[in-house]
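Presented below is the structure to which this report refers.
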Amino acid sequence: MKKLFKLILNTIPRPLLIRLSYVARPIIAFTLKGTKFTDPIDGKSFKSMLPYGYETQRNNVLSPSTLSLERHRLLWLYLNEETDFFKSELVSDSSFTNTKKIKLGDAETNSALKVLHFAPEQAFYKLFRNQKNLDYTTTDLFSPLADVKADICDLPFQDNQYDVILCNHVLEHIPDDTKAMQELYRVLKPGGMAILQIPQDLSRATTFADDTITDQKERAKIFGQYDHVRIYGRDYFDKLRSIGFKVIEEDYTNKIAPELVEKYCLAKGEIIPVCFK
């Protein structure tokens, strides 16, 4: 199974993989139905999750139903429990609560949140699209789920346009990530929130990049994936601050009961970069 999934990830182009997954997902979810693990996004439970990884495969991380990974489930829990992103549209049944939620958007007008989502994941696409309190736009250069085909380093959006920006594991693909961060800051409204998740090695003080590494197999070996161009270290947060963002380094798994971290198949200690303008 692990070798098969690794072969699929490394040989099938991502846009085609997205289309094919719509066919395979219901079959796999039915086959793995059980009680050991739960995807909090849709509440479905399984006897095991699927493996995932372009170079090193991780066990029990890919949800058979939503195709969410650890980072997606952690983000969903954060948005649902710590912000008013979903408002009354979605009722949480989790066993931990927090009444001091981050207020997003203009409380006086109560208008729909303007949300910009880069490289939209299947785990979120329909869920966010169906939220009546969201004015939801997706963008990417290649994804079939993108409303707007755009380069993150040269966005076709006005300044100060979006209340919320979601950019999940995108910046590690971008050679000029400084320019990309500047564009994200530019289109975010003052007071707006951007969650800019990346794969991060917290044992590294500084980010590692080497533009001379162009071979895909070598990139996969060094950076963990054939289309990654760097490994972010702990200095990632300060780089965001240098752009102008106010950054909260949210170690959110420490706020979740250990048994739920295991049940939801989360990555213990993963930091969510919650950024404000």
Side-chain angles (χ1 to χ4, degrees), residues 1-80 85-86 90 94 115 117-131 134 136 138-147 166-170 172-173 195 197-199 224-228 252-253 260-267 270 272:
M1 176 78 76
K2 292 175 68 174
K3 289 183 179 180
L4 176 61
F5 270 77
K6 183 176 180 179
L7 178 64
I8 290 171
L9 287 172
N10 283 283
T11 56
I12 299 178
R14 191 171 289 115
L16 178 57
L17 195 60
I18 290 173
R19 290 188 172 95
L20 293 174
S21 67
Y22 278 101
V23 178
R25 183 170 56 180
I27 299 171
I28 297 173
F30 179 79
T31 302
L32 294 179
K33 193 173 181 180
T35 59
K36 186 173 183 180
F37 301 110
T38 297
D39 183 340
I41 297 175
D42 64 0
K44 294 182 179 179
S45 296
F46 308 97
K47 59 186 176 184
S48 68
M49 297 276 197
L50 295 167
Y52 188 86
Y54 282 78
E55 183 63 20
T56 302
Q57 291 267 297
R58 309 187 303 280
N59 290 321
N60 288 317
V61 294
L62 182 66
S63 167
S65 57
T66 68
L67 298 184
S68 65
L69 291 166
E70 310 100 311
R71 60 183 182 265
H72 306 128
R73 295 187 290 275
L74 186 65
L75 174 59
W76 183 90
L77 290 166
Y78 179 81
L79 289 174
N80 194 40
F85 185 84
F86 294 109
L90 192 64
S94 74
V115 178
H117 191 175
F118 287 83
E121 301 90 350
Q122 290 184 64
F124 297 135
Y125 182 73
K126 286 186 177 180
L127 175 64
F128 293 173
R129 181 70 77 198
N130 292 334
Q131 289 297 127
L134 303 182
Y136 180 62
T138 60
T139 185
D140 190 73
L141 270 177
F142 306 110
S143 173
L145 302 181
D147 300 319
L166 301 174
C167 186
N168 188 340
H169 284 227
V170 172
E172 70 275 8
H173 298 265
I195 295 184
Q197 292 172 287
I198 41 86
Q225 195 165 307
Y226 69 89
D227 53 356
H228 287 188
Y252 198 56
T253 58
L260 291 180
V261 171
E262 182 176 352
K263 189 174 185 63
Y264 295 156
C265 296
L266 305 176
E270 179 178 349
I272 305 175

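Positions are given from 1 along the sequence.
Closest of all the heavy-atom pairs between T253 and A267 is CG2-O, 3.5 Å. Heavy-atom minimum distance, Y125 versus P120: CD1-CB, 4.2 Å. Looking at every heavy atom in both residues, P64 comes nearest to S48 through CG-O, 4.1 Å. Of all the heavy atoms in V61 and P51, the pair that sits closest is CG2-C, 4.2 Å. In this structure, Q197 and R71 approach most closely via the heavy-atom pair NE2-O, 3.4 Å. For D147 against Y136, the heavy-atom pair with the smallest separation is OD2-O, 3.9 Å.
A distance of 11.0 Å separates CD of E121 from CG of L67, quoted to the nearest 0.5 Å. Remark: Q131 CD to R129 CZ distance equals 12.0 Å, nearest 0.5 Å. For the atom pair NE2 of H72 and CG of N168, the computed distance is 4.5 Å after rounding to the nearest 0.5 Å. Once rounded to the nearest 0.5 Å, the distance linking NZ of K36 with OG of S45 reads 13.0 Å. Atom CZ of F46 and atom OG1 of T35 lie 11.5 Å apart (nearest 0.5 Å). Atom CZ of R58 and atom CD of E70 lie 4.0 Å apart (nearest 0.5 Å).
Looking at N59, L62, L69 one by one, the single match for side-chain contact (heavy atoms from CB on, under 4.5 Å) with L50 turns out to be L62.
Using a 4.5 Å cut-off on side-chain heavy atoms (C-beta onward), L75 and F124 make contact. In this structure, F85 and L134 have side chains that are in contact, with non-hydrogen atoms separated by less than 4.5 Å. Within the 4.5 Å cutoff, the side chain of I195 has heavy atoms near those of the L79 side chain.
A distance-only check finds no donor-acceptor pair linking the side chain of S68 to the backbone of S63 [under 3.5 Å]. With hydrogens and angles disregarded, a donor-acceptor distance shorter than 3.5 Å links the side chain of N130 to the backbone of K126.
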Exercise. After noting the C-alpha distance and the side-chain angles of H173 and H228, does the key distance pass the side chain to side chain contact (heavy atoms under 4.5 Å, CB included) rule?
Worked result: CA-CA 5 Å; H173 298 265; H228 287 188; 3.4 Å; yes
Exercise. Are L77 and L266 close enough, and set up right, to give a side chain to side chain contact (heavy atoms under 4.5 Å, CB included), and what steps lead you there?
Worked result: CA-CA 10 Å; L77 290 166; L266 305 176; 3.9 Å; yes
Problem set entry | Intermediate values then yes/no, side-chain hydrogen bond (donor to acceptor under 3.5 Å, both in side chains), T66 and D39 | CA-CA 8 Å; T66 68; D39 183 340; 2.5 Å; yes
For this session: Go through the steps for R73 and I41 under the test side chain to side chain contact (heavy atoms under 4.5 Å, CB included), then give the verdict.
Result: CA-CA 7 Å; R73 295 187 290 275; I41 297 175; 4.2 Å; yes
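Applying the side chain to side chain donor-acceptor pair (under 3.5 Å) criterion to T139, with sequence neighbours excluded, gives no partner residue. Evaluation of the side-chain contact (heavy atoms from CB on, under 4.5 Å) rule for F37 yields M49, N60, C265 as partners, not counting sequence neighbours. Residues satisfying the side chain to side chain donor-acceptor pair (under 3.5 Å) criterion with D140, sequence neighbours excluded, are absent altogether.
Ring orientation note: the planes of F128 and F86 are tilted relative to one another, at an angle of 30° to 60°.
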